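Bear in mind that the values here come from a model prediction, so they are computed numbers and not experimental data.
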Amino acid sequence: NAAETTGRLDGIVAVNLGTGALSITAGKTTGGNAGIVANNSSAGTDLTVNAATTTGADDGIYAKNDGTGALSITTTGTTTGETDDGIAVFNSSAGTDLTINAATTTGAVEGINADNYGSGALSITTTGTTTGETNEGIDANNSSTGTDLTINAATTTGAVDGIYADNNGTGALSITTTGTTTGETNDGIYANNFGTDLTINAATTTGADDGIYADNKGTGALSITTTGITTGTESDGIFAYNSSAGTDLTINAATTTGADDGIYADNNGTGALSITAGTTTGDTDDGIDAKNDGTDLTINAASTTGADDGI
């Protein structure tokens, strides 16, 4: 439990070789390499970090859990990784859940980089601005040994993708954004799912390629709801693909613009394809392009414009 800590190398380095838990509670922490380094060995159980303001010339916070318990990171201040990631965490196959609750986070590479190989869920919640200056704002990878992958994010910006979520776990992939999400050279939101359901609820989203890219190879439904403006600067505003393993594909979209299609929806699942849209524009292709190999196809559209077909 440390109030204010400064290290010429790392601010705090904690390595647990014991049979119990590793817990760090820190105030203002500054490191010439990483701000906080936490390493929990295979003999340990949980790894918990509660940090206020943390700055590292390398990573802001780096945590590796080889213990048999959960990995949890909570930040209440600004976390900065000046040459690498703001928060970088790895949960091994020995672990269970991986949970991150973060305020404002900035990384020269990725804002938040989370890899879960544990037997539990990966959950990321941000309440402040998350920025990845040369890669992803949030990069979340859930392995086949995990369960659900859940992201609840405020404002997120990535030089590549704003939010990159890859769920290979046995559960659902869920992404909710309340602020603006921006992918400066690729997608605003990229979601790839091999679990069950894939659900996206997004406010304003912009991608240099697609605004929202959702690929559901899971056994459940694909659902996308947008309440703000969704823009795909070079490709589609919303790209949604539901594989033959899935069920329904449902899109409820406010304002959507794509350089190609405004909304592209391809349903190969066993259920229905439903699209409800406000203003939708496809600058060089279709306003709404809907393909269905399931059951019903329903489109309820307000204002739709396409360079080729409107719908």
**Within one Ile-Leu-Val-Met-Phe-Trp-Tyr cluster: I163 and Y190, side-chain cutoff 4.5 Å** = no

Under 3.5 Å donor-acceptor, T281 side chain and D283 backbone
no

So the salt bridge (charged side-chain N to carboxylate O under 4.0 Å, His left out) pairs with at least one residue in residues 244-270 (sequence neighbours excluded) are none

Contacts of Y117 meeting ring-ring contact (aromatic ring centres under 6.0 Å, His included) (sequence neighbours excluded), chain-then-number -> F90

Value for CG (D187) from CD (E234), rounded to nearest 0.5 Å, stands at 10.5 Å

Interatomic distance, CG@D115 vs CG@N142, rounded to 0.5 Å, equals 10.0 Å

Q: State, with a plain yes or no, whether a side-chain heavy atom of Y213 is found less than 4.5 Å away from one of D161.
A: no

Quick one: side chains of residues 3-16, donor-acceptor pairs under 3.5 Å with protein atoms, not counting sequence neighbours, listed by atom name and distance.
residue: D10; atom: OD1; partner: A34; partner atom: N; Å: 2.8
residue: N16; atom: OD1; partner: G18; partner atom: N; Å: 3.0
residue: N16; atom: ND2; partner: G20; partner atom: O; Å: 3.0
residue: N16; atom: ND2; partner: N40; partner atom: OD1; Å: 2.8

- Item | Expected output: side-chain T270 to main-chain T247 donor-acceptor under 3.5 Å | no

What one should report as the nearest heavy-atom pair of L222 and Y241 is CD2-O, 3.5 Å

One should read off an interatomic distance between D148 CG and L122 CG, to the nearest 0.5 angstrom, of 10.0 Å

Review point. Does T131 use its side chain to pair, donor to acceptor, with the backbone of E133 at less than 3.5 Å?
Key: no

Note to self: Using side chain to side chain contact (heavy atoms under 4.5 Å, CB included), reason through T156 and T177 one step at a time and then give a plain yes or no.
What the structure shows: CA-CA 9 Å; T156 311; T177 69; 5.9 Å; no

Closest non-hydrogen contact found for I238 with A253 is CD1-CB, 4.0 Å

Ignoring hydrogens and angles, tell me if any N or O in the side chain of N216 forms a donor-acceptor pair with the backbone of G218 under 3.5 Å.
-> yes

By salt bridge (charged side-chain N to carboxylate O under 4.0 Å, His left out), K217 pairs with (sequence neighbours left out) D215

Membership question, hydrophobic clusters at under 4.5 Å side-chain separation (ILVMFWY): are Y62 and L17 in the same one?
yes

dist I73:CD1 -> I61:CD1 (nearest 0.5 Å) comes out at 6.0 Å

Run the side-chain donor-acceptor check on residues 291-300: report pairs under 3.5 Å with partners two or more places apart or on a different chain.
residue: K291; atom: NZ; partner: D289; partner atom: OD1; Å: 3.0
residue: K291; atom: NZ; partner: D289; partner atom: OD2; Å: 3.1
residue: N292; atom: OD1; partner: N267; partner atom: ND2; Å: 2.8
residue: N292; atom: OD1; partner: G294; partner atom: N; Å: 3.1
residue: N292; atom: ND2; partner: T295; partner atom: O; Å: 2.9
residue: N292; atom: ND2; partner: D296; partner atom: O; Å: 3.4
residue: T295; atom: OG1; partner: G271; partner atom: O; Å: 3.4
residue: T295; atom: OG1; partner: A272; partner atom: N; Å: 3.2

Rounded to the nearest 0.5 angstrom, the CD1-OG1 distance for I263 and T304 is 8.0 Å

Are I112 and I24 joined in one hydrophobic group, where the rule is that I, L, V, M, F, W and Y side chains link up if heavy atoms are under 4.5 Å apart? yes

Does A94 offer a backbone N or O that forms a donor-acceptor pair with the side chain of S92 under 3.5 Å?
yes

inquiry  = Quick check against the 3.5 Å criterion: does T79 have a side-chain atom that pairs as donor or acceptor with the backbone of G86?
reply    = no

dist N201:CG -> S223:OG (nearest 0.5 Å) comes out at 6.5 Å

Residue set satisfying salt bridge (charged side-chain N to carboxylate O under 4.0 Å, His left out) with D66, at least two apart, ordered chain then number -> K64

